[in-house]
Every structure is written in structure tokens, then in C-alpha cells.
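Report on the structure given below.
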Amino acid sequence: MKALRILACCLIAGVTASGGVVRGIVLEQASGRPMARTQMRLVPVPKGGNPGRPFALRTGLDGQNTFLSVPDGLYILTASRSHYFPASY
């Protein structure tokens, strides 16, 4: 099995009522090449008994991903793809 590497930046410049933006790119650990169609999940860490709403998407052909309207809070970001170990941060 190969390893994935997630590079993610949290860009919350002027949080609005609709939330912030989380952008990143998924790269193969060994080669550094972008990984297309990787499954991404952004799952909130529960607080105060409210589990929150998870987000899911697939990366584009360039390995990039963008989660829009993300509410303020702590999240676990996971990338998974067939034949690769999943990576979580």
C-alpha cells in the first residue's frame, strides 16, 4: 500500500454567516504527484452534544479540493483512495 499526503490550508478571511473555506491538495507521498478523484471527508469534532454536519467530496483531476461554507470549529480531514493508506489530520 502506498501513502497519501494531504496539504490543506484553512482560509477563513472574513468569516461570514455562510462559514469559511478549506482548500487543499492531495499528493502521493512517494512521487509528490497530485492524486485525482481521491475521496475527502471533513468531519466536525463534536462539541456540546452537537455532532455537526460532515462534508464529503472527491478531488479534481489536479488533486485539489475546496470545502465551502464550513462552520467554525475543529475538524478531522481524511483522504482515502483505493490501493492507498488513508491519511487523516
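All values below come from the heavy atoms of this structure, side chains included, with hydrogens, waters and symmetry mates left out.
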Given the rule in the side-chain contact (heavy atoms from CB on, under 4.5 Å) test, do Tyr84 and Glu28 qualify, once you have shown the distances and angles that lead to the verdict? CA-CA 9 Å; Tyr84 288 83; Glu28 183 182 41; 3.0 Å; yes

Which other residues end up in the same hydrophobic cluster as Ile76, if Ile, Leu, Val, Met, Phe, Trp and Tyr are linked when side-chain heavy atoms come under 4.5 Å apart? Val45, Leu74

Side-chain heavy atoms of Arg23 within contact of Phe67, under 4.5 Å: no

Heavy-atom pair with the smallest gap, counting every atom of Pro44 and Pro51: CG-O, 3.3 Å

Approximate separation, where rounding is to 0.5 Å, of Met40 CE and Thr38 OG1: 7.5 Å

Arg81 and His83, any side-chain heavy atoms less than 4.5 Å apart: no

Decide side-chain contact (heavy atoms from CB on, under 4.5 Å) for Arg37 and Leu61; before the verdict, give the C-alpha distance in whole Å, the side-chain angles of both, and the deciding distance to 0.1 Å. CA-CA 7 Å; Arg37 294 194 267 286; Leu61 295 177; 3.1 Å; yes

How far apart are the closest heavy atoms of Pro71 and Tyr75, and which atoms are they? O-OH, 2.7 Å

May I ask you to test the Val22-Leu42 pair for a side-chain heavy-atom distance under 4.5 Å? yes

Which atom of Pro54 lies closest to which atom of Val43, heavy atoms considered: CB-CG2, 4.2 Å

Side chain proximity check, Val26 to Asn65, heavy atoms < 4.5 angstrom: yes

With a 4.5 Å heavy-atom cut-off, do Arg41 and Leu77 have their side chains touching? no

Does Thr59 reach the main-chain N or O of Met35 with its side chain, forming a donor-acceptor pair under 3.5 Å? yes

Using a 3.5 Å distance criterion without hydrogens, assess whether the side chain of Ser80 forms a donor-acceptor pair with backbone atoms of Pro86. no

